[in-house]
Undergrad: 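Here you go, one structure.
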Amino acid sequence: MEVSKKIVLIGHFGVGKTSLVRRYVDSAFSEDYLVTLGVQVKKKQIELDDNQVNLIIWDLEGNAKVENMRSSYMLGTDGFLYVFDLTRPITFNNLNENLEFIKKQYPKAPVKIVGNKADLFDGNDLDEFLTKNKLEQVITTSAKEGTNVATVFEELARELL
Amino acid sequence: MSLKSFKSDLLEKRVQIITTDMSGKVTASDDALIPLKKGSSLQDIDPFFEAIVPLVSAEAELLEFPCVNLKTDENEFVLDIELRYGDGELIAILYDFSEHYRRSHPVVQEKNENTILANQLLVEQTIANEKEALKNSFISKLSHELRKPLGNMMGFVNLLKDSNLNYDQAEMLKIVRQTGLHIEELLNDLLDISKISQGTLNLKSVSFKMKDVTKHLKDMFSLKAKTKRIEFEVNMHDNVPAVLIGDPIRVKQILINLVDNAFKNTPKGKVLLDISVDYSRAKKVSLRFSVSDTGYGIKDAELPKIFDSYYQIDQLLSPTEGQGLGLKIVDDLVKLQKGKTKVKSKVGEGTQFEVSLPFEVPLRAEKKPPRKKAIDVDERIRVLCVDDAELDQMLIMKILINEGFISMDLALHGEMALQLIDLKSYDVILLDLDLPILNGIEFLKRLRAERKTKKIPVVVLTAMAGAEYQKEAEALGISAYLTKPYQPKELVKAIKAAFKEKEK
Ligand SMILES: Nc1nc2c(ncn2[C@@H]2O[C@H](COP(=O)(O)OP(=O)(O)OP(=O)(O)O)[C@@H](O)[C@H]2O)c(=O)[nH]1
Ligand SMILES: [Mg+2]
């Protein structure tokens, strides 16, 4: 069976949304920061349990509040990746507010919470940090090193089947 | 972005119109931006269309998407895209705003980069502050902990000094005592440093005579000068106001540290303290204190580091004679008083420290109150000592017996003290704050609440040197607040003063 699913990446600017997509789709990474304006869409085909899944990945411009984002971008979304930057508390301080808004507006779309830039922590420090900030439910990734990147996309895709 | 260029973007914008069937298969296109092959569909242009085409219907007849980044084989575009439903057909309108968006890109880029930088600085600052606070609280706890046993030791050393010792024993005890005093000094310095960086060291503003400060210094260092055969000179210029308003204790502390440092680093020659007026304006005066020596001097490369606490601590831990924390304290105290520190040095010739401190000058020199006659040791003073530590009690008892006091009772905690007070009357209460059952502060509150006991003078003896404790105790009315370790003389003086107060 072949299906298409729309996945949308949201979160504050500079947290690594574009980098995660690049790592996943193009297997590349750049240290340079190039701001995304508006939206850029990429596609990746994967096999999941005998299914051919076309992931249509919408990489949106950064915004601190989901409420302020252009709602037309969200049309037809199957699942969200909410990305924040583990090294910048400001990008996860309002996490709950944003998640509540998404749940209310798009009740059918599952949301995965992604803490990116894990490579900037030492192993133990990261666990300690997550517990301290009550972020245990978060998946930590590194677009730079590729850690957990495919996992995040594929776990979400599996939930969408 | 100027209005003009925005308008020209709008006027010159290029538009492509494409019609397709409901599945996105192209039926007509003007190819103004993107050439489309026969039989191709919208989805072939960019995956953007994949999730969108199925959404258009008679119910949702217009969908608008601003700022969509598209990449074709030949070109990169930033487009505003409209999808419309019309009579079983789908119409896609592509507006080319590439120039417009590209122009606004650097503005957003710069704004975001600056914000991220500021976020990161804030995080670093927070971490640094947390570390500093942790370090300070550790230091102050540690020095409190060390004060208690040291106080006990020094108490007994002082008692031992006055007992029958032969010459050798007395000499050895002298060294023990000096070492103890040195540790005490270091602990006090550490505590001061942590207090200053925690912002809990409060400066006093009282009138004092600079002459008294210099006399104290001369007394203190004359013996050292004699034994080291170094000349020590204090030179105060005539125009230095006789009476100043400021914190004499901290001024003294700065000068003692500077002079002591000079002595330590000068094998022969001279140490000179020179006090002059920097500038004076109305009620304000800034004094320049210069301490120069003819000692070893400091290498240029070391100069910027000498006020650094870590540098000092490194020195302290090295096997050679430690420099102590004196210079760090000087620097901190000077900054706290909004003054300036300068240092000049030449290896082999000597070093000069220069400190400028601001003071106020009282309008008229205040008259000193007439000196009252000191009272002699009074055997009638009845003392109640409230302290749960056996060693502390023993120490106090021995000091008082040596001084001729004969009436002293002991209570182990506040509750017990209240019972004793109910039965007997006392002239002075010596109170430790850290007590079991009823602690010192609670005891004081109860004492002050009763008419009968309201006026009994209390001398606090405690290892808790924090300003908060002292404030709290003072608010309840106490005669003196002595922190352990204290000198026997201080204790006796405090008891006598408290007694005198009561007699009035
Ligand atoms: N060390 C490290 N840096 C990363 C990682 N992911 C992204 N970055 C860096 O973070 C910066 C921002 O990355 P982007 O992917 O452009 O962030 P974004 O979320 O797309 O930003 P906007 O488009 O402005 O919302 C870039 O300098 C990246 O190199 C990561 O996993 N580790
Ligand atoms: Mg981006």
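Reckoned from all heavy atoms, side chains included, excluding hydrogens, waters and symmetry mates. Because the structure is a prediction, the values reported are computed rather than measured. A, B, ... follow the sequence lines: proteins, then strands. Residue 1 opens every chain.
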Undergrad: Where does Val123(B) contact chain A at under 4.5 Å (heavy atoms): side chain, backbone, both or neither?
TA: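 For Val123(B), the side chain is the part near chain A, not the backbone.
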Undergrad: Given heavy-atom pairs under 4.5 angstrom as the criterion, report whether the side chain, backbone, both or neither of Leu122(B) touches chain A.
TA: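 When you check distances to chain A, no heavy atom of Leu122(B) falls under 4.5 Å.
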Undergrad: For a quick test of reading the model, state the closest non-hydrogen atom pair linking Ile56(A) to Ala51(B) and the distance between them.
TA: CG2-CB, 4.4 Å
Undergrad: Can you say whether Ile90(A) sits under 4.5 Å from chain B via the side chain, the backbone, both, or neither, judging by heavy atoms?
TA: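 Just the side chain, heavy atoms under 4.5 Å.
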Undergrad: Given a strict heavy-atom distance threshold of 4.5 Å, which part of Ile116(B) is in contact with chain A: side chain, backbone, both, or neither?
TA: both
Undergrad: Is Val78(B) close to Leu37(A) at the side-chain level, that is, under 4.5 Å between some pair of heavy atoms?
TA: no
Undergrad: To see if you've got the definition right, give the donor-acceptor pairs under 3.5 angstrom between chain B and chain A.
TA:
residue: Glu50(B); atom: OE2; partner: Lys43(A); partner atom: NZ; Å: 2.5
residue: Glu64(B); atom: O; partner: Ser72(A); partner atom: OG; Å: 2.9
residue: Pro66(B); atom: O; partner: Tyr73(A); partner atom: OH; Å: 2.5
residue: Cys67(B); atom: O; partner: Val39(A); partner atom: N; Å: 3.0
residue: Asn69(B); atom: N; partner: Val39(A); partner atom: O; Å: 2.8
residue: Asn69(B); atom: ND2; partner: Leu37(A); partner atom: O; Å: 2.8
residue: Asn69(B); atom: ND2; partner: Val39(A); partner atom: O; Å: 2.8
residue: His105(B); atom: NE2; partner: Val35(A); partner atom: O; Å: 2.8
residue: Gln109(B); atom: OE1; partner: Val35(A); partner atom: N; Å: 2.9
residue: Gln109(B); atom: NE2; partner: Tyr33(A); partner atom: O; Å: 2.8
residue: Asn112(B); atom: ND2; partner: Tyr33(A); partner atom: OH; Å: 3.2
residue: Asn119(B); atom: OD1; partner: Arg88(A); partner atom: NH1; Å: 2.9

Undergrad: Look at atom CG of Leu95(A) and say whether more than 12 heavy atoms of other residues, nucleotides or ligands are closer to it than 6.0 Å.
TA: yes
Undergrad: With only heavy atoms counted, which part of Leu34(A) is less than 4.5 Å from chain B, the side chain, the backbone, both or neither?
TA: both
Undergrad: Could you go through Val41(A) and Phe49(B), starting from their C-alpha distance and side-chain angles, then the distance that decides it, and tell me whether this counts as side-chain contact (heavy atoms from CB on, under 4.5 Å)?
TA: CA-CA 9 Å; Val41(A) 184; Phe49(B) 292 98; over 6 Å; no
